[in-house]
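Just so you know, these numbers come straight off a predicted model, no measurement behind them. Quick note: numbers below take in every heavy atom, side chains included, and nothing from hydrogens, waters or symmetry partners. Heads up: numbering here begins at 1 and tracks the sequence.
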Amino acid sequence: MKTKYVFKNKLKHSLKGVGYTYLLTLVVMFVLPVVFTFLFTGSLKGVSLHNLLQNNLLPFISVLFLFISSYRIYGPFKFYIQNGISRRTVWKATIGVVSLCSLLMSLINYGYYYMVVVPNAGNVDNTFYNQLFGQFLGFHSFWNVPAQIFLRVVITMVICGYRDLLW
């Protein structure tokens with residue numbers, strides 16, 4: 001029962017962070033290039049929506065967010081310990097929240113990649129997973145996308161779980 005309470009509390013804060021991260025990333029990807037182009041050239045001639053949509057910054061930002069957010073556990077951890085919740089309960093909830101956020105961010109990233117970047121850039125096999133394991137399930141297999149998502153979630157669980165055990 002305590003794990004469910006901690007999970008809900010941590011998930012609420014993590015989902016806010018995910019939303020702010022994607023909002024800030026979209027501002028950096030789309031608004032800042034337009035502003036800088038206008039400031040330095042005085043016109044918007046060099047800016048095209050097609051070039052802006054080819055940017056695939058989301059996977060890097062999501063990994064950075066998960067890495068940073070998994071290290072920001074000391075403040076909430078003190079709160080849970082003071083309220084009689086064990087380390088193991090906090091650890092289980094943290095692993096669950098990080099895994100769920102990783103899954104959500106992977107789905108958003110691959111949705112953006114296959115619905116926005118690929119139609120504009122035309123290069124389907126440009127993901128990190130396809131470069132390493134593209135031939136494993138067949139080069140253009142449907143199962144490559146779920147395998148990529150599964151691999152990202154498992155790697156995130158292992159890294160964050162191992163790091164949390166050290167605390």
Side-chain angles (χ1 to χ4, degrees), residues 1-36 49 52-121 126-130 132-133 142-167:
M1 187 64 179
K2 288 183 180 182
T3 305
K4 186 177 178 180
Y5 167 73
V6 175
F7 181 83
K8 282 183 180 180
N9 192 6
K10 286 179 140 309
L11 184 63
K12 181 177 74 171
H13 292 290
S14 292
L15 289 180
K16 279 185 192 177
V18 168
Y20 291 141
T21 300
Y22 278 114
L23 183 65
L24 184 63
T25 302
L26 292 177
V27 166
V28 167
M29 285 173 42
F30 296 116
V31 176
L32 285 182
V34 172
V35 169
F36 286 144
L49 186 61
L52 291 175
L53 290 176
Q54 290 180 2
N55 189 353
N56 193 17
L57 189 62
L58 293 181
F60 171 73
I61 296 298
S62 66
V63 168
L64 186 65
F65 169 79
L66 289 170
F67 186 73
I68 290 171
S69 68
S70 67
Y71 270 96
R72 295 187 62 221
I73 62 168
Y74 185 66
F77 180 72
K78 287 192 315 185
F79 169 75
Y80 295 129
I81 293 297
Q82 288 171 355
N83 287 313
I85 297 173
S86 70
R87 293 174 186 262
R88 183 175 298 272
T89 302
V90 174
W91 179 74
K92 286 179 188 177
T94 302
I95 295 298
V97 167
V98 169
S99 301
L100 190 61
C101 285
S102 176
L103 177 65
L104 176 68
M105 293 177 98
S106 295
L107 292 173
I108 291 170
N109 293 345
Y110 286 112
Y112 177 80
Y113 181 74
Y114 285 110
M115 288 190 275
V116 176
V117 174
V118 169
N120 287 306
N126 197 19
T127 64
F128 179 72
Y129 176 84
N130 277 342
L132 290 179
F133 306 111
F142 166 77
W143 294 107
N144 276 335
V145 174
Q148 292 174 30
I149 293 170
F150 177 75
L151 181 68
R152 181 175 289 173
V153 171
V154 168
I155 288 173
T156 304
M157 285 174 55
V158 168
I159 290 172
C160 294
Y162 176 72
R163 185 204 43 80
D164 284 344
L165 281 176
L166 297 177
W167 288 96

Next item on the list: Can you spot which of I61, N109, V27 makes a side-chain contact (heavy atoms from CB on, under 4.5 Å) with Y22?
Entry: N109

Check: Which atoms form the tightest heavy-atom contact between I85 and I81, and what is the distance?
Finding: O-CD1, 3.3 Å

Margin query: Any heavy-atom pair between the side chains of K92 and R88 that's under 4.5 Å?
Written below: yes

Margin query: Donor-acceptor pair, distance only, cut-off 3.5 Å: does the side chain of K2 make one with the backbone of G84?
Written below: yes

Checklist line | Closest contact, heavy atoms only, S14 versus V97 | finding: OG-CG1, 3.3 Å

Notebook entry, point to check: At their closest point, which heavy atom of G17 faces which heavy atom of T21, and how far apart are they?
Noted result: O-OG1, 2.6 Å

Notebook entry, point to check: With a 4.5 Å heavy-atom cut-off, do F30 and V34 have their side chains touching?
Noted result: no

Check: Below 4.5 Å, heavy atoms only, C-beta onward: do L100 and F7 meet side chain to side chain?
Finding: yes

Item checked: CZ on R87 to OG1 on T89, rounded to 0.5 Å -> 12.0 Å

Notebook entry, point to check: For Y112, what residues pass the side-chain hydrogen bond (donor to acceptor under 3.5 Å, both in side chains) criterion, not counting sequence neighbours?
Noted result: none

Check: Looking at L104 and V18, what are the two nearest heavy atoms and their distance?
Finding: CD2-CG1, 4.4 Å

Notebook entry, point to check: Within the side chain of N9, is there an N or O that forms a donor-acceptor pair under 3.5 Å with the backbone of Y5?
Noted result: no

Margin query: As an exercise, state the distance from CG of L11 to OG1 of T94, rounded to the nearest 0.5 Å.
Written below: 11.5 Å

